[in-house]
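So the structure is just underneath, and the comments pick up after that.
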Amino acid sequence: MPTKNPYDIIIAPLISEKGVASMEDNKYCFKVASYANKNEVKNAVETIFKVEVLNVNTMNFKGKPKRQGAFIGKRSDWKKAVVTLREGHKIEVFEGA
């Protein structure tokens, strides 16, 4: 069983054009551990960033098949979480670059 450390659940923030536009609605995107459920993601975000989470939506992505010459491989499967924060809360990591 994997550890339930918040820093193991939240892998990385996802910065994309669509993700940056959704920050105006207090929604932030993260790449999370594939075994993490919505409650674990909520607790991890609240612990790490000291904010209050309203809602969590998760999506699973299958890795695409890739090939290089004669060798065929596959990208890793991964999970994305869109976290909605309560009004007045924000995550500073995303705000400035």
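Every heavy atom of this structure was used, including side-chain atoms; hydrogens, water molecules and symmetry mates were not. Here the structure is a predicted model, which means the values were calculated and not measured.
Side-chain contact between Asn26 and His89 is absent, with no heavy-atom pair separated by less than 4.5 Å. The shortest distance between side-chain heavy atoms of Val45 and Phe30 falls below 4.5 Å.
The stretch residues 62-74 participates, sequence neighbours left out, in these salt bridge (charged side-chain N to carboxylate O under 4.0 Å, His left out) pairs: Lys74-Asp77. A side chain to side chain donor-acceptor pair (under 3.5 Å) check over residues 42-52, counting only residues at least two apart or in different chains, returns the pairs Glu52-Arg86.
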Validation: residues 9-22 side-chain donor-acceptor distances under 3.5 Å, sequence neighbours left out:
unit_1, atom_1, unit_2, atom_2, d
Ser16, OG, Gly19, N, 3.1
Ser22, OG, Gly19, O, 2.8
Ser22, OG, Lys27, O, 3.4

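Separating the NZ atom in Lys79 from the NZ atom in Lys31 is a distance of 13.5 Å, to the nearest 0.5 Å. With rounding to the nearest 0.5 Å, the separation of CG in Asn57 from OG1 in Thr84 is 6.0 Å.
Following chains of ILVMFWY side-chain contacts shorter than 4.5 Å, one can reach Tyr7 starting from Val53, so the two form part of one hydrophobic cluster. In the hydrophobic clustering of this structure, Phe61 groups with Val82; members are Ile, Leu, Val, Met, Phe, Trp, Tyr whose side-chain heavy atoms approach within less than 4.5 Å, directly or through other members.
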In sequence, state the C-alpha distance, the side-chain angles, and the governing distance for Lys90 and Tyr28, and then conclude on side-chain contact (heavy atoms from CB on, under 4.5 Å).
-> CA-CA 9 Å; Lys90 63 181 179 178; Tyr28 297 87; 3.4 Å; yes

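Residues Ile48 and Pro6 come closest through the heavy atom pair CD1-O, 3.5 Å. In terms of heavy atoms, Tyr35 sits closest to Glu40 at O-OE1, 3.9 Å.
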